[in-house]
Each structure stands twice: as C-alpha cells, then as structure tokens.
K.L.:
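Dropping the structure in here first, questions after.
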Amino acid sequence: DAGITQSPRHKVTETGTPVTLRCHQTENHRYMYWYRQDPGHGLRLIHYSYGVKDTDKGEVSDGYSVSRSKTEDFLLTLESATSSQTSVYFCAISEGQGANYGYTFGSGTRLTVV
Amino acid sequence: GDSVTQMEGPVTLSEEAFLTINCTYTATGYPSLFWYVQYPGEGLQLLLKATKADDKGSNKGFEATYRKETTSFHLEKGSVQVSDSAVYFCALKSNTDKLIFGTGTRLQVFP
C-alpha cells in the first residue's frame, strides 16, 4: 500500500493485556495518523504525529498511547485492552499539511479483545 | 465542529445503473473534500478530491462536484459495475488538518 505496512494484520488478545500495533512507512512522510473503524461510526482519529517525538490526541484517545521514535515507525499501544477496543485499526500517512493533502492508508489491523 | 453526513446504506443496484451517493458537510472555513473507497479486506484508497468551490473531482468514471451553496459533494457514476461494490467514505479536511470522515455507504452491485 504505497509504502505503508501495518502489523500484525490480525490479533486476538485477552482483556487486560497490553497490545502494541505497528505502522511502518518507507515514504519518509512527516505526518502519521491512527484511526479506528467501527460500524456506524466510520473512521475516528485516535492519535496523530507531526514528526519524531511529536504526537497529540485525537477524538477517541482514551485508553491508547502512541510513540514515534523514528520517522518511519508509529506505534499504537493499548495499555490494558478492553472489549470496547475490538475494532479495525488503520494507520495513515500524509506528505504534507493543509487542506490539499489527502492520506494514504495501510491495510489495517483487525483486533479482537476477548 | 466539522462533520460529514452520508446517506445510509446499503445501496443496491444492478450492473450499468446510475449511482448517486449523497454527502453533505458542515465546516468552518473552506475545506477540501474527498471520496475514499474501501474494498473488502483492504484499507481506504483515495478515489477523488476537490479543493475549492465548483471544482469537480473525477476518477475511474466517478465524479463529484464541490457545491458550496448546498454544502454538498455527492458521488456519481453513470454506469456501475460489479467490481464497484465497496464501501465509500466522504471526508473533509479543513484548517484543523485532520481528515474527518462520514460513516460510510456500502454499495452492492449485482449482475
């Protein structure tokens, strides 16, 4: 997907366990985003990053943290997974800021919390 | 705040039928508007975009016109194919620099 890879593609985990999802890009884009996709909600922004060690919260950030120690990697961590975090998670990258730039999305990670 | 409203799905059509998927938006300032498509098991792909009023975005036979007066960006295609079956998302991007999505509309095309 245009130089953006998410891992794992699928994961089943137990309630209360920590989980880390990885987004890796080879485009050297500065801007990276994590969304979750749920029926009836579309995509909702969890966290985003404007560069190494520069991250901020989106509209549904509770229960999630992120880290970006390298330009190419953006990690999403669920500190203690809950069933409400069962979802499909998408990472996106953008080469620029401003209204003219769209995003390129990864293929997603399907996470099930049991 | 900024928001996008899409028509509820699923939209079910026969092959070669005309497609319209409605999208309206609320935004401060002058947003750019996008349509993304998601095929089963895949991520979202940019289908088309328009960056200012009266612009028409087009790609793969799909079109959408940025109508500021009606705050709309409806997606149209003159003759759909089975391969167009997917979920379509309308989105806007304004001064916040974040893409804001509608809830998505599933299109099912039957032979």
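In the text below, chain A, chain B and the rest are named by the order of the sequence lines, each starting its count at 1.
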K.L.:
For the OH atom on Tyr30(B), are there more than 12 heavy atoms of other groups (residues, nucleotides or ligands in this structure) within a distance under 6.0 Å?
P.N.:
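Incorrect, the count does not exceed 12.
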K.L.:
Can a donor-acceptor pair be found, under 3.5 Å and without considering hydrogens, that links the side chain of Tyr103(A) to the backbone of Leu44(B)?
P.N.:
no
K.L.:
With a 4.5 angstrom heavy-atom cut-off, is it the side chain or the backbone of Lys49(B) that approaches chain A, or both, or neither?
P.N.:
side chain
K.L.:
Chain B heavy atoms under 4.5 Å from Arg110(A): which part of the residue, side chain, backbone, both or neither?
P.N.:
neither
K.L.:
Which region of Gln37(A), side chain (C-beta onward) or backbone (N, CA, C, O), has a non-hydrogen atom less than 4.5 Å from a non-hydrogen atom of chain B, or is it both or neither?
P.N.:
side chain
K.L.:
Group every Ile, Leu, Val, Met, Phe, Trp and Tyr by side-chain heavy-atom contacts under 4.5 Å, then state whether Tyr36(B) and Tyr88(B) land in the same group.
P.N.:
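Each belongs to a different hydrophobic cluster.
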K.L.:
Tyr50(A) versus chain B, heavy atoms under 4.5 Å apart: side chain, backbone, both or neither?
P.N.:
side chain
K.L.:
What part of Gln38(B) gets within 4.5 angstrom of chain A, counting heavy atoms only: side chain, backbone, both, or neither?
P.N.:
side chain
K.L.:
Can you establish whether the number of heavy atoms outside Glu16(B) located under 6.0 Å from its atom CD is more than 12?
P.N.:
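No, because the 6.0 Å sphere around CD of Glu16(B) holds 12 heavy atoms or fewer from other groups.
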K.L.:
Are Phe89(B) and Val4(B) grouped together when hydrophobic residues (ILVMFWY) are joined by side-chain heavy atoms under 4.5 angstrom apart?
P.N.:
no
K.L.:
Can you say whether Tyr101(A) sits under 4.5 Å from chain B via the side chain, the backbone, both, or neither, judging by heavy atoms?
P.N.:
both
K.L.:
Between Leu99(B), Ile100(B), Leu46(B), which shows the greatest number of heavy-atom pairs under 4.5 Å with chain A?
P.N.:
Leu99(B)
K.L.:
Are more than 12 heavy atoms, taken from residues, nucleotides or ligands other than Glu14(A), located less than 6.0 Å from that residue's CD atom?
P.N.:
no
K.L.:
Considering all heavy atoms of both residues, which atom of Lys93(B) and which atom of Ser94(A) are nearest to each other, and what is their separation?
P.N.:
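Lys93(B) and Ser94(A) have their closest heavy atoms at NZ-OG, 4.3 Å.
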K.L.:
Is it the side chain or the backbone of Leu45(A) that comes within 4.5 Å of chain B heavy atoms, both, or neither?
P.N.:
side chain
K.L.:
Group every Ile, Leu, Val, Met, Phe, Trp and Tyr by side-chain heavy-atom contacts under 4.5 Å, then state whether Met7(B) and Leu48(B) land in the same group.
P.N.:
yes
K.L.:
May I ask you to check whether over 12 heavy atoms, not counting those of Gln108(B), lie within 6.0 Å of atom CD?
P.N.:
yes
